[in-house]
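Hydrogens, waters and symmetry mates are skipped; everything else that's a heavy atom, side chains included, is used.
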Amino acid sequence: AIERTLSIIKPDAVAKNVIGQIYSRFEGAGLKVIAARMTWLSEQEAGQFYAVHKERPFFKDLVSFMTSGPVMIQALEGENAIAKNRELMGATDPKKADKGTIRADFAESIDANAVHGSDAPETAAVEVAFFFPGMNTYAGR
Ligand code: CMP
């Protein structure tokens with residue numbers, strides 16, 4: 001099915017100047033960028049976005065990393081987009097990520113892991129709406 005998923009190019013990858021290389025991977029896999037926004041997240045935005053992880057031991061470091069520099073946020077659309085984006089990203093921990101994945105090629109650590117991608121249809125809908133609240137009023141025309 002055609003799906004939408006939320007993708008974030010994190011501060012480490014933006015600082016490395018690889019936004020274009022990561023976009024090429026999305027495009028090469030047939031994922032369309034249907035909305036995009038570059039921003040520097042506030043602590044409140046990052047904390048809200050990652051609220052599901054609030055009780056996890058890494059929450060504080062996660063918020064602090066995600067607010068350490070600008071991020072590039074996009075909604076991707078395509079056949080099986082959620083799983084396809086997760087395949088492109090590779091494992092959360094870059095040390096465990098398969099060769100040729102975004103995290104294997106561009107990430108340094110489990111915190112500075114280059115990209116975020118929604119993990120399921122339910123979270124994708126919530127995450128896309130979080131950053132692109134007006135989405136359905138302009139996308140797809
Ligand atoms: P992301 O897909 O953005 O979702 C939550 C982030 O928390 C994850 O990528 C990692 O960058 C970060 N993180 C740090 N430590 C862990 C951990 N032990 N397990 C999962 N995620 C972690």
Side-chain angles (χ1 to χ4, degrees), residues 1-16 18-141:
I2 301 284
E3 293 174 343
R4 289 175 180 176
T5 190
L6 196 276
S7 157
I8 303 177
I9 301 178
K10 298 189 180 186
D12 57 323
V14 172
K16 274 190 180 164
V18 294
I19 293 174
Q21 292 189 57
I22 293 174
Y23 266 44
S24 291
R25 294 182 182 214
F26 297 152
E27 293 169 353
L31 296 176
K32 274 189 187 169
V33 177
I34 58 163
R37 179 153 78 83
M38 192 167 198
T39 189
W40 192 318
L41 296 175
S42 67
E43 243 183 77
Q44 200 200 336
E45 285 175 301
Q48 240 181 291
F49 179 75
Y50 281 120
V52 289
H53 296 306
K54 209 158 48 197
E55 306 306 327
R56 309 284 287 274
F58 57 82
F59 181 73
K60 209 164 166 264
D61 286 346
L62 174 61
V63 169
S64 132
F65 176 68
M66 290 301 289
T67 57
S68 66
V71 295
M72 187 73 197
I73 307 172
Q74 43 285 324
L76 305 175
E77 186 179 84
E79 187 63 37
N80 207 14
I82 298 163
K84 200 173 271 180
N85 183 43
R86 291 181 71 78
E87 256 173 57
L88 291 175
M89 291 193 298
T92 306
D93 183 351
K95 290 194 289 284
K96 296 176 185 153
D98 287 341
K99 235 180 118 190
T101 60
I102 293 169
R103 282 165 171 160
D105 290 346
F106 301 120
E108 304 305 330
S109 69
I110 196 164
D111 289 304
N113 67 348
V115 280
H116 167 83
S118 309
D119 63 1
E122 301 71 38
T123 45
V126 171
E127 291 182 1
V128 169
F130 184 85
F131 285 117
F132 302 106
M135 195 69 170
N136 286 319
T137 67
Y138 63 80
R141 264 192 274 173

Within the 4.5 Å heavy-atom criterion, are Glu127 and Ile8 side-chain neighbours or not? no

Do Lys16 and Glu108 come within less than 4.5 Å of each other through their side chains, counting heavy atoms only? yes

Side-chain heavy atoms of Thr5 within contact of Leu31, under 4.5 Å: no

Using every non-hydrogen atom in the two residues, find where Ser7 and Asn85 come nearest and quote the distance to one decimal. CB-ND2, 4.3 Å

Could you give me the CA-CA distance, side-chain angles and deciding distance for Val115 and Arg25, then say whether side-chain contact (heavy atoms from CB on, under 4.5 Å) is met? CA-CA 12 Å; Val115 280; Arg25 294 182 182 214; over 6 Å; no

Between the CD1 atom in Ile73 and the CZ atom in Phe132, the distance rounded to the nearest 0.5 Å is 6.0 Å

Closest approach of Met72 and Tyr23, non-hydrogen atoms and distance? CE-OH, 3.3 Å

Under 3.5 Å donor-acceptor, Glu3 side chain and Ala81 backbone: yes

Is the side chain of Arg103 donor-acceptor paired with the backbone N or O of Ala114 at a distance under 3.5 Å, no angle test? no

Would you list the pairs meeting ring-ring contact (aromatic ring centres under 6.0 Å, His included) in which at least one residue belongs to residues 74-128, sequence neighbours left out? Phe49-His116, Tyr50-His116

Closest heavy-atom pair and its distance - Met135, Ala35: SD-CB, 3.8 Å

Checking side-chain contact (heavy atoms from CB on, under 4.5 Å) for the pair Ile82/Asp119: CA distance, chi angles, key distance, verdict? CA-CA 7 Å; Ile82 298 163; Asp119 63 1; 5.9 Å; no

Validation row: Val33, Leu76 side chains within 4.5 angstrom (heavy atoms): yes

Which pair of heavy atoms, one from Ile22 and one from Ala13, lies closest together, and at what distance? CD1-CB, 4.0 Å

Atom pair NZ/CD of Lys54 and Gln48 - distance to nearest 0.5 Å: 9.5 Å

Determine all donor-acceptor pairs shorter than 3.5 Å in which one atom belongs to a side chain in residues 91-101; sequence neighbours excluded.
residue	atom	partner	partner atom	Å
Asp93	OD1	Lys95	N	3.0
Thr101	OG1	Asp98	O	2.7
Thr101	OG1	Ala104	N	3.3

Output a table of donor-acceptor pairs, distance under 3.5 Å, between side-chain atoms of residues 36-43 and any protein atom two or more places apart or on a different chain; print 'none' if there are none.
residue	atom	partner	partner atom	Å
Arg37	NH2	Phe131	O	3.3
Trp40	NE1	Thr67	O	2.8
Ser42	OG	Gln44	N	3.4
Ser42	OG	Glu45	N	3.0
Ser42	OG	Glu45	OE1	3.4

Rounded to the nearest 0.5 Å, the NE2 atom of His53 sits from the CZ atom of Phe59 at a distance of 9.5 Å

Please find the pair of heavy atoms, one from Met66 and one from Val71, that lie closest to each other, and give the distance. O-CG1, 4.1 Å

Carefully, step by step, assess Asn113 and Phe65 under the rule side-chain contact (heavy atoms from CB on, under 4.5 Å). CA-CA 10 Å; Asn113 67 348; Phe65 176 68; 5.6 Å; no

Can you name the nearest heavy-atom pair linking Leu88 to Ala29, along with the distance? CD1-CB, 3.8 Å

